[in-house]
Amino acid sequence: MINILVVEDDVKLNYIVCAFLNDNGFHAISCKNGTEAFDRILEEPVNLIVSDIMMPEMDGFEFAAEIRKQDKAIPILFMTARDDMGAKQKGYSLGIDDYMVKPIEMDELLLRVVALLRRANIRNERKLTAGSLVLNEEETTAYLNDVELPLTVKEFNILFKLLSYPKRTFTRTQLMDEFWGYDSESSPRTVDVSITKLRDKLSDCQDVEIVTVRGLGYKAVIKG
């Protein structure tokens, strides 16, 4: 399932866009502002972002700028009432991929979403590649120099999460809640043990390093 994050503070429009995307085979994730959106991104992977500009707490420009610091590739489509060239120039300079002016036609939105996903190769390829390391989400399998790594499903999912957001730090609590569950009786030490095992299995990989962020948690760094 392709996840599309819809960041829009107009509750009615948010509902309409999400319902339309869901009806067309996508999984829409509804958020009312950028702050809420960042929390959701930590909970589940996102393949494309549709965002308003004028929103409370964090506007679309700030949101796009923060996203681009952490992910250079995810498609971002601005959907806004602002039709001035200044806003468009600022959006594109921040790294957005497309710009639609409200009121929008739902069918046109769909065409643009499909085109952006096609460019990002999301529809046909659910893979993460970091040099000699390739993670195939559909197979839940990792390959190093074309040789399969003996990862458990949980180890694969943790690695896929970290590599989906390189250089972003995930706390032990975040990883624990997502991969062991909120009501797990395991301690954060369990996360440390899993990371140690992952590092051992990636010891021959020269392209990826799982870095400890002292006092916080872990992040993946892609070398080169």
May I have the list of side-chain donor-acceptor pairs in residues 208-219 shorter than 3.5 Å, sequence neighbours left out?
| residue | atom | partner | partner atom | Å |
| --- | --- | --- | --- | --- |
| T212 | OG1 | R199 | NH2 | 2.7 |
| Y218 | OH | D192 | OD1 | 2.5 |

List the residues meeting side chain to side chain donor-acceptor pair (under 3.5 Å) with Y143, not counting sequence neighbours, and say none if there are none.
E139
Can you name the closest pair of heavy atoms from S30 and C18 and give their distance?
CB-SG, 3.7 Å
OH (Y15) with more than 12 external heavy atoms under 6.0 Å:
no
Any donor-acceptor pair under 3.5 Å linking the side chain of K32 with the backbone of V11?
no
Return yes if some donor-acceptor pair links the side-chain N/O of N33 with the main-chain N/O of M58 below 3.5 Å, else return no.
no
Which pair of heavy atoms, one from K223 and one from Q206, lies closest together, and at what distance?
CD-O, 3.3 Å
Out of curiosity, does V193 fall in the hydrophobic cluster containing F170 (side-chain heavy atoms, cut-off under 4.5 Å, transitive links)?
no
Measuring from atom CG of L110 to atom CD of E105, what distance do you get when rounded to the nearest 0.5 angstrom?
12.5 Å
Does a salt bridge link D52 with K102, judged by any charged N lying under 4.0 Å from a carboxylate O?
yes
Thinking salt bridges, do K12 and D10 make one under a 4.0 Å N-O criterion?
no
Electrostatic pair E178-K161, nearest N-O below 4.0 angstrom:
yes
Write down the atom of A87, the atom of Y99, and the distance for their closest heavy-atom approach.
CB-OH, 3.4 Å
Are F160 and V134 connected into the same hydrophobic cluster when the rule is that any two of I, L, V, M, F, W, Y join if their side-chain heavy atoms are below 4.5 Å apart?
no
Distance-only, no hydrogens or angles: does the N14 side chain make a donor-acceptor pair with backbone N or O of C31 under 3.5 Å?
yes
Would you find a donor on one side and an acceptor on the other, under 3.5 Å apart, between the side chain of D71 and the backbone of I67?
no
Sole residue of R112, R118, R68, K72 in salt bridge (charged side-chain N to carboxylate O under 4.0 Å, His left out) with D97:
R68
Give, for atom CG of L128 and atom CG of L159, the distance between the pair rounded to the nearest 0.5 Å.
8.5 Å
Side-chain heavy atoms nearer than 4.5 Å, only ILVMFWY residues, links allowed to pass through others: does that put Y92 and L94 together?
yes
Do V101 and I76 sit in one hydrophobic cluster, given that two such residues count as connected whenever their side-chain heavy atoms are within less than 4.5 Å of each other, even indirectly?
yes
Going from OG on S194 to CG on L151, what distance comes out if it is rounded to the nearest 0.5 angstrom?
11.5 Å
Rounded to the nearest 0.5 Å, what separates atom OG1 in T129 from atom CG in N136?
9.5 Å
What heavy-atom pair brings F78 and A64 nearest, and what distance separates the two atoms?
CZ-CB, 3.9 Å
Check W180 against T190 and note the closest heavy-atom contact, atom names and distance.
NE1-CG2, 3.5 Å
Could you tell me whether a side-chain N or O of D9 sits under 3.5 Å from a main-chain N or O of M55, the two making a donor and an acceptor?
no
Starting at CD of E57, measure out to CD of E36 and round the result to the nearest 0.5 Å.
8.5 Å
Kindly compute the distance separating SG (C205) from CG (L198), expressed to the nearest 0.5 Å.
11.5 Å
Taking CG in D146 as the centre, count heavy atoms belonging to other residues, nucleotides or ligands within less than 6.0 Å. Is the count above 12?
no
Counting heavy atoms not belonging to K167, are there more than 12 under 6.0 Å from its NZ?
no
Sub-3.5 Å donor-acceptor pair from the side chain of E66 to the main-chain atoms of F63, do we have one?
no
Between P45 and N3 the two heavy atoms that sit nearest each other are O-ND2, 2.7 Å
Is there a continuous path of hydrophobic side-chain contacts, each under 4.5 Å between heavy atoms, that joins V6 to M106?
yes
